[in-house]
Amino acid sequence: MHRWLFPAVLLLSASAGAQDLQKCGGLSNPPAWVRSGVYAGVLGAKEITLGLNPRQAEGNRYFYAGQANELRLTPFHSGETLILQEEVRKSLGAAPVVTGCFTLVRAEGALRGSWKAPGTSTTLKVSLEPLNVARLPLKLPSSPGLLRLRGRDPLAFVRLNHAWVVSADGQRLREPLSGLDYPRLPQATLHFRRPCRTGCCRTPSMRWRAPWICRKTAAARATA
């Protein structure tokens, strides 16, 4: 009796764990109409950007505007309806916890639907439009790494593609995603949309550096 009791307990535990990780309903995998892409719009009153990739689990995630963290999504379906289960790890090494459920349908290329937390009845409206990432203007100095990122992970590119903010006194620069401040050289300009002309931003040892570092390197070479 004990020979089969232990495997049975393991099977029941695994089944319970699987149910815990499928709180939004539906069947595994997204509907057949889902294609890889990035969508931008609103969840309730907040702006979000969402990425879908039916072939790569890591490509299904989204983030809120102004926030650095991305939220993982696991796709399911119910008929032609796309269900995205939001999962968060609240500590390093902890099991994922389901924190939200998207229910979305196609609407002439866009996505429309709702979001709600599991076990609640309150829903928030979701409206998302397709975003053509390839046509977004660069807001950072152009570099091979940044251009590769746009093709390989368009959602990450959208998160990073924000110009650095100059402080009111003009002495410091803030990187928007991390919120970190860096000193700014007096001769640095306020706009960094043009690529580095000296090539210092493209060297193998430094794929991308802050514009003020590139300008400092160029000035040192000129006076050497």
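- Listed here is the closest heavy atom pair of Lys23 and Gln85: N-OE1, 2.9 Å.
- More than 12 non-hydrogen atoms from other residues, nucleotides or ligands lie less than 6.0 angstrom from CD of Gln56.
- Within the 3.5 Å criterion, the main-chain N or O of Val165 finds no donor-acceptor partner in the side chain of Arg174.
- At distances below 3.5 Å, not a single donor-acceptor pair connects side-chain atoms of Ser78 with backbone N or O atoms of Thr81.
- Judged by distance alone, with hydrogens and angles left aside, the side-chain atoms of Trp33 form a donor-acceptor pair with the main-chain N or O of Glu80 at under 3.5 Å.
- Checked options Thr74, Leu52, Leu50, Val34; the residue passing with Asn60 is Leu52 (criterion: side-chain contact (heavy atoms from CB on, under 4.5 Å)).
- Across Val38, Leu43, Leu84, Leu128, a single residue satisfies side-chain contact (heavy atoms from CB on, under 4.5 Å) together with Tyr62, and that is Leu43.
- Using modelled atom types, one side-chain atom of His77 and one backbone atom of Ser28 make a donor-acceptor pair closer than 3.5 Å.
- Annotation: disulfide bond (SG atoms under 2.5 Å apart) contacts involving residues 83-153, sequence neighbours excluded, comprise Cys24-Cys101.
- For residues 113-130, the set of pairs meeting the salt bridge (charged side-chain N to carboxylate O under 4.0 Å, His left out) definition, not counting sequence neighbours, comprises Arg112-Glu129.
- Classification of Asp153 and Arg159 as a salt-bridged pair fails, no side-chain N sitting under 4.0 Å from a carboxylate O.
- Screening residues 113-173 for disulfide bond (SG atoms under 2.5 Å apart), with sequence neighbours left out, gives no hits.
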